[in-house]
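The figures here come from the full heavy-atom set of this structure, side chains too, leaving out hydrogens, waters and symmetry mates. Not measured: the values here are computed from a predicted model.
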Amino acid sequence: MDQKLVSSWFHLHSSVPLSYVQPPESQPGMVFPSGKKIPVVDLGLHDRHEILKHILKASEDYGFFQVINHGVSKELMDETLNIFKEFHAMPAEEKIRESSRDPNGGCRLYTSREINSKDTVQFWRDTLRHLCPSSEDSMQFLPQKPAKYREIVAKYTQEMRRMGLKILELLCEGLGLDPKYCCGGLSESPLLLAHHYPPCPEPSLTLGAPKHRDPNLVTILLQEKDINALQVFKDGEWIVVEPIPYAFVVNIGLMLQVISNGRLIGAEHRVVTNSEFARTTVAYFIRPTSKQIIEPAKCLISSGAQPIYRSIAFEEFLKNFMIKGTDIERELLL
C-alpha cells in the first residue's frame with residue numbers, strides 16, 4: 001500500500017503517470033472561473049422562514065450551497081483540518097498502521113477511490129475514511145496519531161451531527177415533511193472521509209475526483225480557505241466552488257434526491273488538482289443504516305405526485321454504487 005499512496009511518490013515524477021491520465025473527454029484542461037457562484041446560506045438569520053426558503057431554493061437549483069454563521073467554532077475547524085494534514089504528512093507505514101486497527105475495515109486508508117478496479121483510470125488523491133465514533137468501543141479503532149486525533153475528531157463529528165440534523169430538518173420542512181423525517185435511521189450511520197490531494201505536475205490531464213454524485217443524504221465539507229479545486233456541474237458548465245473562510249460546503253446526495261422524489265438535486269461535482277499546493281478536505285457523509293429503506297417520502301406521493309424512483313435498501317444501493325458509480329441512478333428510476 002505504501003508505494004501506491006500518491007503522497008509517497010508524487011514528488012518523484014515530472015509528469016503524470018499514464019494510469020492517472022484521464023480520457024480526453026474527462027480531462028479538465030485549463031480551468032477558468034465562469035463568474036458564477038453557488039448560493040450562500042446564512043444559518044444565523046433570526047427568521048427561520050428566510051433560512052428555509054434560501055436552503056430549499058439552493059438545493060433545488062444547484063444541489064450545492066455554502067453555509068455561514070453555522071455555530072461551529074473557528075478553532076475547532078482549524079484543529080480538525082490541521083489534524084488531518086498532520087495525519088497525511090506522516091510516513092506511509094505509520095499511516096497504514098494507524099488506519100488498520102479495525103478488523104471489520106471500518107477505518108482504512110486507500111488511494112484513488114474505493115470503486116476503482118485495475119482496469120480503470122486512477123485519481124490523484126489518498127483518502128482516510130472511517131465511521132464516526134459513537135462510543136468508546138468504536139473509538140478504539142481510530143488512529144491514535146497524531147496526538148489528540150481521537151479527541152478532535154470526536155468533538156468535530158458531534159458538531160457535524162448537530163449542524164447536519166439542523167440542515168436536514170430545514171430541508172424536510174421545506175419539502176412539506178415532518179422536520180424530523182430524516183433524523184432516525186436515515187441519518188444514523190455517518191461517515192468521515194479525509195481526502196489529501198498532493199501537488200500534481202500536470203493538472204490539466206488528471207483529476208482528484210471524477211464527475212460524480214454522493215451516495216448519501218447530505219455531505220458537509222470542510223475545505224482549505226485559498227485553493228480552488230471543487231467544481232459543480234450545472235447547465236452544461238463547471239462552476240468553481242470558491243472557498244469562503246470558515247464556511248462549510250453542503251451538497252445534496254442521491255439518497256435525498258430519491259426521498260424528495262427528484263425535487264432536490266444530487267448535483268454532479270468533481271475535484272481538479274494544482275501544481276503548487278497540497279490540498280486536504282474533510283467530508284462528513286450523512287448516511288442511513290444499512291437496512292434502511294430508501295424511497296420517495298410517502299406523503300409526497302399521497303399528495304398526488306407519482307413516484308419516479310423505486311424503493312431500495314441502503315446496503316443494496318451502496319453495493320451497486322461501489323460497482324457502477326453514479327450510473328446506478330438509472331436503475332432506481334421506475
Side-chain angles (χ1 to χ4, degrees), residues 22-43 50-68 113 121 123 167 170-171 174-175 195 197 203-221 223 227-244 247-274 279 281 283 285-286 296 300 305-306 308-309 321 324-334:
Q22 299 293 311
E25 66 274 13
S26 299
Q27 291 177 11
M30 298 298 291
V31 179
F32 300 100
S34 66
K36 296 182 179 179
K37 297 181 184 294
I38 67 168
V40 177
V41 175
D42 186 347
L43 292 180
E50 278 298 300
I51 302 175
L52 191 153
K53 182 176 70 175
H54 291 156
I55 207 169
L56 188 64
K57 182 169 176 53
S59 301
E60 291 174 331
D61 293 349
Y62 286 81
F64 259 82
F65 52 93
Q66 299 200 61
V67 293
I68 59 174
R113 63 196 300 237
V121 69
F123 296 93
I167 290 170
L170 288 164
L171 288 169
L175 289 169
H195 300 302
Y197 308 90
S204 64
L205 297 182
T206 191
L207 288 168
K211 183 180 181 181
H212 69 287
R213 292 180 172 92
D214 288 345
N216 57 8
L217 271 74
V218 167
T219 301
I220 304 175
L221 183 77
Q223 63 172 346
I227 303 175
N228 291 335
L230 177 61
Q231 301 178 344
V232 182
F233 194 65
K234 177 173 170 57
D235 299 331
E237 66 177 330
W238 289 103
I239 300 173
V240 176
V241 181
E242 297 182 17
I244 297 173
F248 287 98
V249 179
V250 179
N251 68 276
I252 305 301
L254 268 175
M255 298 290 86
L256 203 51
Q257 180 175 313
V258 170
I259 291 167
S260 70
N261 204 34
R263 185 172 169 187
L264 306 185
I265 300 173
E268 292 180 306
H269 52 289
R270 70 179 184 183
V271 176
V272 299
T273 61
N274 77 87
R279 176 176 178 262
T281 64
F285 273 27
I286 301 178
L300 298 180
Q306 292 296 313
I308 61 175
Y309 299 106
F321 182 87
K324 301 174 182 178
T326 307
D327 288 343
I328 190 180
E329 184 184 356
R330 299 193 195 100
E331 298 184 11
L332 295 175
L333 291 169
L334 288 172

Side chain proximity check, Ile51 to Asp42, heavy atoms < 4.5 angstrom: no
Heavy-atom closest pair, residues Ser59 and Leu171: OG-CD2, 3.3 Å
His269 and Asp214 side chains, donor-acceptor separation under 3.5 Å: yes
Considering all heavy atoms, the nearest Thr273-Gly208 contact: CG2-N, 3.7 Å
Distance, nearest 0.5 Å, that separates NE2 of His54 from CG of Leu170: 12.0 Å
Non-hydrogen side-chain atoms of Tyr309 and Leu333 separated by less than 4.5 Å: yes
Main-chain N/O of Ala209 paired with Arg270 side-chain donor or acceptor, under 3.5 Å: no
pair Phe285-Pro215: side-chain heavy atoms closer than 4.5 Å: yes
Closest contact, heavy atoms only, Pro28 versus Pro203: CG-O, 3.4 Å
Closest contact, heavy atoms only, Phe233 versus Lys211: CE2-NZ, 3.7 Å
Derivation of the side-chain contact (heavy atoms from CB on, under 4.5 Å) call for Val249 and Leu230: CA-CA 10 Å; Val249 179; Leu230 177 61; 4.0 Å; yes
Asn261 side chain vs Gln306 backbone, donor-acceptor pair below 3.5 Å: yes
Approximate separation, where rounding is to 0.5 Å, of Gln22 CD and Gln27 CD: 7.5 Å
Nearest-0.5 Å distance, OH of residue Tyr197 to CD1 of residue Ile227: 11.5 Å
Under 3.5 Å donor-acceptor, Ser260 side chain and Gln257 backbone: yes
Glu242 and Gln66: side chain donor to acceptor below 3.5 Å: no
Nearest-0.5 Å distance, CG of residue Leu264 to CG of residue Leu217: 10.0 Å
Side-chain heavy atoms of Phe64 within contact of Glu268, under 4.5 Å: no
Validation row: Val271, Gln231 side chains within 4.5 angstrom (heavy atoms): no
Salt bridge (charged side-chain N to carboxylate O under 4.0 Å, His left out) between Glu60 and Lys57, worked out: CA-CA 5 Å; Glu60 291 174 331; Lys57 182 169 176 53; over 6 Å; no
Residue pair Val250 / Thr219, side-chain heavy-atom distance below 4.5 Å: no
Residues Glu237, Lys36: salt bridge by 4.0 Å N-O rule: yes
side-chain contact (heavy atoms from CB on, under 4.5 Å) between Val241 and Val232, worked out: CA-CA 7 Å; Val241 181; Val232 182; 3.5 Å; yes
Non-hydrogen atoms of Gly174 and Leu56 that approach each other most closely: O-CD2, 3.4 Å
Residue pair Val218 / Ile220, side-chain heavy-atom distance below 4.5 Å: yes
Arg279 side chain to Gln223 side chain, donor-acceptor N/O pair below 3.5 angstrom: yes
Leu254 CG to Ile259 CD1 distance, which is reported to the nearest 0.5 Å: 11.0 Å
Heavy-atom check, side chain of Pro296 versus side chain of Val258, under 4.5 Å: yes
Where Phe65 and Ile167 come nearest, the two heavy atoms and their spacing: CZ-CG2, 4.3 Å
Rounded distance [0.5 Å steps], NE2 in His212 versus CG in Leu207: 11.0 Å
